[in-house]
Amino acid sequence: MRTHMCGEPRPADIGTTVTVCGWVARRREHGEHLAFVDLRDHTGLLQCVVDGSVDVRSEYVLAVTGVVSQRPEGTVNDRLGTGQVELTDCEVEILSAAEPPPFPLDERAAEVDETIRLRHRYLDLRRAEMQSNLRSRARISSAIRSAMDAQGFVEVETPMLIASTPEGARDFVVPSRLHPGEFYALPQSPQLFKQLCMVGGVDRYYQIARCMRDEDLRADRQFEFSQLDLEMSFASQSDVLEAVSRAVGAAVEAVTGEGVGEIPHMTWHDAMNRFGSDKPDVRFGMELEDLSEVFAETGFNAFKADAVKGICHKGASEATSRNRLDDLTEKAKRWGAKGLVWMRAEEGPDGEVTLNSPVAKFLSPEELAGVIETLGVEVGDVCYLVADRWHRVCHVLGLLRLELGRPPVHEGGLRFLWVLDFPLFEDVDEATGRPVPAHHPFTMPHPEDTDMLSGGPTELLGVRSQAYDLVLNGWELGSGSVRIHRPELQQQIFDLLGISEAEAEAKFGFLLEAFRYGAPPHAGFAFGLDRLVALLVGEDNIREVIAYPKTQSGGDPLTSAPSPVDAEHLAELGLRLLPRGT
RNA sequence: GGUCCCGUGGUGCAGUUUGGAGUGCACGCUGGCCUGUCAAGCCAGAGGUCGCGGGUUCAAAUCCCGUCGGGACCGCCA
């Protein structure tokens, strides 16, 4: 039907007759003897010169046969790939007429209400930006598959209809027709199946897996998402990091043409301590500095705490109003801080740095000098101090750091980071005294810390795990761990967590049974493809890299999902609806 | 479950603070003019449940209450 794509004709093609197909991006009429029609497909635009009798409107679908011709002098368009040439002597066939589109299908669509774009997603997808995003995503998937294949991984599909387990995220549930009253769950991840693959001798498993979690949506979270999921037998943590690094490197190279290089490592403790986050955005500094020493002997009650830390916002004083400071203080409180101390750095009578703050009068000259020295404060800076338990101080200042300094999504390059040595336990439940697992209960403790498993709460919270996260520009891309494969250690962990033998048997019995038949040591990882694609193409919202995403309330404006089903259908499944609001 | 923001011709906005006739801008659309434009230009025109419901008022896009839809975030996402 066509000989060329719209974006292809070049000066070398001048004189040849071609046929192109596409949509009318724009028409410019100059009376009965001359009109220009820009024909669009995913490769670009081609200007077709026709006479005024050709009645085509925006988004008509055409096949145009014409001669590739040099544009007259002075009419070359440098902004088009085909801008040196145009199609003349055109024969235009209308393949489909079209109603005017409900929103402009060019750059201006970025300003259009997203609901309208989603309601007509097929039109939105025609736009160059969406085409580019979809194609980048496909290139990334393809590059990842090649990289995994090259490393000896085997792609295995795992079931979508599985047994529901109470752990982790809320399951999407599917009623069973053949077993009324019983339900499948859609997978939150293929976690247990991939471990079974290791027992099954697959050795190296991977899958670009669809996962479903019935939790509230965000800019970086949809109900349904895709993960590169992988698992390796006879492999250590460093083997997994290496394998994932290669896949990510291949993905990045597929989009940017450049390699990633060695991805730096950081311990979880360093990440929290320096950046106040387990997914630090290291595109910018403004690190948290420890002021506990400075205020060790302080008379200021608010600073008599486990930890005092601060950050310094360079040169921000002039742009930071008192209203803004009050607003930040409110935010810090919402984030869990008791309060936020701010200090403006001003020039003193002798040219020295002095700190202006509502609390300055409660602090000694030595303490103020300590703040200036530790934070490297100069005239014109604003610093922020928080005192509390270490973890809370880090958390609040980490969020404040992002609020004040985080660059836009497309700036600052791609800063990958491995965060290692996560704690095995997130917390110790005060009521039960049981530790709460930070990852999942199959996570292998750090070999140096296994003795501490028999200790008290303080020891337990200090136990590191062989769990690791991959972070890019402050987004958690994914996480993984070395798994426990020996029943004795698994039993010890279950005991610690307060999971009874019966409970473990009921929830993970098939996995524990499988492990009794000879389980290889294994480790794995999973990272979110949607987030990786979004960051690689410079979008701060994963909906922009998903063909048919859902809105924040989980609806699809295009198909009107979710929707009711009729009573017969429900009856067949053994279901009856409760009245609304119960 | 919670906090905050948004909703005005097909699209994007202004108008809302301080109530006074659906007033305005840009794009798009329809028709006309136009032989080198490229977000073409010029002229004319059509197009409105101011998200929806209720309340206050002589009078509501504007104030109040509720509700629906969208977005950002907290909780949640082992």
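No experiment lies behind these values; they were computed from the predicted model shown. The sequence lines fix the lettering, A, B, ..., with proteins before strands; numbering per chain opens at 1.
- Under the Watson-Crick and G-U wobble criteria, each requiring two contacts below 3.5 Å, nucleotide B/rA59 is left unpaired.
- Among A/H522, A/Q466, A/Q490, A/E231, the one residue that satisfies the side-chain hydrogen bond (donor to acceptor under 3.5 Å, both in side chains) test with A/R483 is A/E231.
- Following rounding to the nearest Å, A/E215 (CD) and B/rC77 (P) show an atom-to-atom distance of 6 Å.
- Counting only distance, with no hydrogens or angles, the side chain of A/R28 and the backbone of A/D38 share no donor-acceptor pair below 3.5 Å.
- Taking 4.0 angstrom as the limit, A/N541 places a side-chain polar atom (N or O) nearer than this to OP1 or OP2 of B/rA72.
- Within the nucleic acid shown, A/A438 comes within 4.0 Å of sugar-phosphate atoms alone, with no base atom in reach, counting heavy atoms only.
- Across every strand in view, B/rC76 sits unpaired, with no contact that passes the Watson-Crick or G-U test at under 3.5 angstrom.
- Atom P of B/rC13 sits at a distance of 34 Å from the matching atom of B/rU56, rounded to the whole Å.
- Distance check on atom P: B/rU57 versus B/rC64 gives 16 Å, rounded to whole Å.
- Look at the C1' atom in both B/rG54 and B/rG12: the space between them is 31 Å, to the nearest Å.
- The distance from atom NZ of A/K331 to atom P of B/rC73 is 12 Å, rounded to the nearest whole Å.
- Shown are A/R26, A/R40, A/R127, A/R126; of these, the salt bridge (Lys or Arg N to Asp or Glu O under 4.0 Å) with A/D106 is made only by A/R26.
- In this structure, the CD atom of A/Q191 is 16 Å from the P atom of B/rC77, given to the nearest Å.
- Under 3.5 Å, the side chain of A/R26 and the base of B/rG28 form no donor-acceptor pair of N or O atoms.
- Between A/P102 and A/D38, the residue anchored closer to the 5' end of RNA chain B is A/P102, taking for each the nucleotide with the nearest heavy atom.
- In the set B/rU37, B/rA72, B/rC38, the nucleotide with an atom closest to the side chain of A/R543 is B/rA72.
- Residue contacts shown for A/R27 are limited to sugar-phosphate atoms, with no base heavy atom under 4.0 Å away.
- No side-chain donor-acceptor contact under 3.5 Å links A/R464 to the backbone of A/D449.
- Nucleotide B/rG71 holds its C1' atom 18 Å from the NZ atom of A/K550, rounded to whole Å.
- At a cut-off of 3.5 angstrom, the base of B/rG41 holds no donor-acceptor pair with the side chain of A/E29.
- Neither OP1 nor OP2 of B/rG69 sits under 4.0 Å from any side-chain N or O of A/T115.
- Projected onto RNA chain B by closest heavy-atom contact, A/V112 and A/P100 fall at different nucleotides, the more 5' of which corresponds to A/V112.
- The aromatic ring of A/H30 is stacked on the base of B/rA40, with the two ring centres less than 5.5 Å apart and the planes inclined by under 30°.
- Nucleotides B/rC25 and B/rU8 are separated by 13 Å at their C1' atoms, to the nearest Å.
- In this entry B/rG19 has no Watson-Crick or G-U wobble partner, no candidate having both defining distances under 3.5 Å.
- Looking at A/R221, its side chain comes within 3.5 Å of the base of B/rC76 through a donor and an acceptor atom.
- The pairing partner recorded for B/rG24 is B/rC13, the criterion being a Watson-Crick or G-U wobble arrangement whose two distances lie under 3.5 angstrom.
- Straight-line distance between the P atoms of B/rC29 and B/rU11: roughly 14 Å, to the nearest whole Å.
- Side-chain contact check for A/D214 versus A/F223: some heavy-atom pair is nearer than 4.5 Å.
- Distance check on atom C1': B/rA60 versus B/rC43 gives 38 Å, rounded to whole Å.
- Counting any heavy atom pair closer than 4.0 Å across all strands shown, A/P72 reaches a base atom.
- What separates CD of A/E99 from C1' of B/rG28 is a distance of 14 Å, to the nearest Å.
- Contact annotation: A/R108 side-chain N/O to B/rA26 OP1/OP2 distance is not under 4.0 Å.
- Within 4.0 Å of A/E330, counting heavy atoms only, lies no atom of the nucleic acid at all.
- Between A/L62 and A/I94 the shortest side-chain heavy-atom distance falls below 4.5 Å.
- In this structure the side chain of A/P190 reaches within 4.5 angstrom of the side chain of A/Y205, judged on heavy atoms.
- Taking atom CG on A/L105 and atom C1' on B/rC27, their separation rounds to 13 Å, with Å as the unit.
- Within a 6.0 Å sphere centred on CD of A/E503, heavy atoms belonging to other residues, nucleotides or ligands number more than 12.
- Remark: B/rG66 base-pairs with B/rC52. Criterion, Watson-Crick or G-U wobble with two distances under 3.5 Å.
- Close to B/rG69, at under 4.0 Å from its OP1 or OP2, lies no side-chain N or O of A/T551.
- Taking atom CG of A/D327 as the reference point, atom P of B/rA72 lies 20 Å away to the nearest angstrom.
- Regarding contacts with the backbone of B/rA40, a side-chain N or O of A/R28 is found under 4.0 angstrom from either OP1 or OP2.
- Look at B/rU30: its Watson-Crick or wobble partner, with both distances under 3.5 angstrom, is B/rA44.
- Nucleotides B/rU30 and B/rA72 have their C1' atoms positioned 40 Å apart, rounded to a whole Å.
- When the side-chain nitrogen and oxygen atoms of A/Q188 are compared with OP1 and OP2 of B/rC77, none of them lie within a distance under 4.0 Å.
- At least one donor-acceptor pair under 3.5 Å links the side chain of A/K194 to the backbone N or O of A/F525.
- Listed nucleotides: B/rG71, B/rU37, B/rU11. Nearest to the side chain of A/I116: B/rU11.
- On the C1' atoms, B/rG24 is 27 Å away from B/rG71, given to the nearest whole Å.
- A heavy-atom distance below 4.5 Å is found between the side chains of A/L424 and A/L453.
- Among the nucleotides B/rU30, B/rC29, B/rU11, the one closest to any side-chain atom of A/F103 is B/rU11.
- Residue side chain A/R71 reaches the base of B/rC38 through a donor-acceptor N/O pair under 3.5 Å, judged by distance alone.
- Side-chain atoms of A/S553 lie closest to B/rG70 of the nucleotides B/rG70, B/rC38, B/rG71.
- Residue-level contact check: A/A35 touches neither bases nor backbone, having no heavy atom under 4.0 Å from any strand.
- Atom CG of A/D171 and atom P of B/rC76 are 18 Å apart (whole Å).
- The nucleotide whose nearest atom lies closest to any side-chain atom of A/Q552 is, among B/rA72, B/rC77, B/rC34, B/rA72.
- A donor N or O paired with an acceptor N or O is not found under 3.5 Å between the base of B/rG7 and the side-chain atoms of A/D113.
- An OP1 or OP2 oxygen of B/rG75 is reached within less than 4.0 angstrom by no side-chain nitrogen or oxygen of A/R218.
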